[in-house]
Amino acid sequence: MYFIELNNGVEIPQLGMGMAAIGSWQQDDEYVSEVILKAISLGYRHFDTASVYGNERALGRALKESGLPREELFITSKVWDTEQGNTKTHDAFARSLERLQLEYLDLYLVHWPVPAYTRETWEAMEALYQQKKVRALGLSNFRKSDIEQLATFAEVRPVCNQIELHPYFTQQPLVDYCQFHKIAISCWAPLGSGSAWSAVSEHEKPLVDPVILEIAKDHDVGPGQIILKWNIQQHRIVIPKSESLENMRNNFLLSNFNLSHSEINSINELNCNKRLGGDPDYANQTHVMVKVPD
Ligand SMILES: NC(=O)c1ccc[n+]([C@@H]2O[C@H](COP(=O)([O-])OP(=O)(O)OC[C@H]3O[C@@H](n4cnc5c(N)ncnc54)[C@H](OP(=O)(O)O)[C@@H]3O)[C@@H](O)[C@H]2O)c1
């Protein structure tokens, strides 16, 4: 397993299991727990959920059932737009912990920037961090301007920014800005497949791009493994979602090959600024209508 050290010294496994829409959006049942237990049996220890994914209870049940020591796990959750603000963030965090049956989180993220609430939300998160209820605080979908706003008052530096990132949308200026400020990049929809939020058709996916397929053929691995390794070798965190045993297993098998500089560059060159998911410039307008289940 590959790890990177976050700016507060906490280590995070570079590969995690994305948890949005396992089964279907906000499905929170035995099926979801079984998928997680399958992932655990393959070696996954890092799980990326969010209150709005509506499957924290299924994750909590699976973690309990696995019997794994808590310190072997890395669990991330996120505060949704409608949960932001000081008291609301404290409440949202407490509800996430209760649903997950955990005493603490490894990482808590602001799911999307809502600039009017960022200060209150972050200060609440800082209090949770000081109380040792969470080991690291981070951001998601933050633009450069949002990070600059945060920097004017934050006492705890965010450890990461989780953003949409795949070969067709590399967001290089934002990545460079974050990495310069020691904010690690975590890639959502790393395969550019978007299970929950996008109607992207099969032939539009980076997984079938001729450049990726050619590199995959040369290394005798699948295209998904090439895309994930392209991120891992560039010190980024990846959280592919998979519920098929074959994809889950392949996504975990990344250590028996390495990409050359020229292969990495040729994948970088596939960027066409093609955003598949929500845009932080507008997303909040629709997010306020999305309910976080109890
Ligand atoms: N912070 C945010 O705002 C935000 C937004 C969106 C997503 N996320 C996070 O990012 C995670 C991943 O995003 P995503 O699910 O939208 O996109 P993704 O991981 O790029 O794509 C998932 C899709 O790819 C398939 N797949 C997985 N491994 C594969 C492989 N090796 N070869 C071919 N297909 C493969 C999966 O199918 P099977 O299930 O059949 O294997 C699934 O349909 C989410 O679960 C969530 O944790 C965060």
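Note that ligands are numbered from 1 as they come in the structure, with each ligand's atoms numbered from 1 the same way. These figures come from a predicted structure and were not determined experimentally. Sequence positions, counted from 1, serve as the residue numbers for this chain.
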Test of proximity, [X] against ligand 1: N or O pairs below 3.5 Å:
X      : answer
Gln225 : no
Lys241 : yes
Asp48  : yes
Gly224 : no

Which atoms of ligand 1 are found less than 4.0 Å from any heavy atom of [X]?
X      : result
Ala20  : 44 (C), 45 (O), 46 (C), 47 (O)
Gly18  : 11 (C), 44 (C), 45 (O), 47 (O)
Ser193 : 20 (O), 21 (O), 22 (C), 23 (C), 24 (O)
His111 : 1 (N), 2 (C), 3 (O)
Tyr53  : 4 (C), 8 (N), 9 (C), 46 (C), 47 (O), 48 (C)
Glu243 : 38 (P), 39 (O), 41 (O)
Trp112 : 3 (O)
Pro240 : 19 (O)

Decide salt bridge (charged side-chain N to carboxylate O under 4.0 Å, His left out) for Glu98 and Arg57; before the verdict, give the C-alpha distance in whole Å, the side-chain angles of both, and the deciding distance to 0.1 Å.
CA-CA 8 Å; Glu98 182 263 316; Arg57 288 186 200 283; 3.5 Å; yes
Heavy-atom contact check, 4.0 Å cutoff: does Asn251 meet ligand 1?
yes
Quick one: does Gly192 get within less than 4.0 Å of ligand 1, heavy atoms only?
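Judged by the 4.0 Å heavy-atom criterion, Gly192 does count as contacting ligand 1.
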When rounded to the nearest 0.5 angstrom, what is the spacing between CD in Glu56 and CE in Met19?
8.5 Å
Separation of Leu107 CG from Phe74 CZ (nearest 0.5 Å):
5.0 Å
Mind checking whether [X] and [Y] have side chains closer than 4.5 Å, heavy atoms only?
X      : Y      : answer
Asn268 : Gln234 : yes
Gln233 : Asn258 : yes
Tyr117 : Val110 : no

Main-chain N/O of Leu254 paired with Lys229 side-chain donor or acceptor, under 3.5 Å
yes
Within reach of ligand 1, part of [X] (heavy-atom separation under 4.0 Å):
X      : value
Met19  : backbone
Asn141 : side chain
Leu207 : side chain
Leu191 : both
Pro190 : both
Ser244 : both

Which residue pairs satisfy the ring-ring contact (aromatic ring centres under 6.0 Å, His included) criterion with at least one member in residues 237-273, sequence neighbours excluded?
Tyr44-Phe252, His219-Phe257
Best match, [options]: closest heavy atom to [atom]:
atom                    : options                : answer
atom 1 (N) of ligand 1  : Glu164, Gln162, His166 : Gln162
atom 32 (N) of ligand 1 : Ile226, Leu165, Asn247 : Asn247
atom 9 (C) of ligand 1  : Val35, Asn55, Ile239   : Ile239

Give a yes or no on whether Glu155 atom CD has more than 12 heavy-atom contacts from other residues, nucleotides or ligands under 6.0 Å away.
no
Compute the ring centroids of His46 and Phe3, then answer whether they are less than 6.0 Å apart.
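Aromatic pair excluded; centres sit 6.0 Å or further apart.
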One pair to check against salt bridge (charged side-chain N to carboxylate O under 4.0 Å, His left out): Lys88 and Asp81. What are the steps and the verdict?
CA-CA 10 Å; Lys88 283 169 119 186; Asp81 300 32; over 6 Å; no
Pair Glu65, Ser33: side-chain N/O donor-acceptor within cut-off below 3.5 Å
no
Lys/Arg N to Asp/Glu carboxylate O, Glu34 vs Lys38, below 4.0 Å
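A salt bridge is absent here (no side-chain N lies under 4.0 Å from a carboxylate O).
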Under the rule for salt bridge (Lys or Arg N to Asp or Glu O under 4.0 Å), what residues qualify as partners of Lys78, not counting sequence neighbours?
Asp48
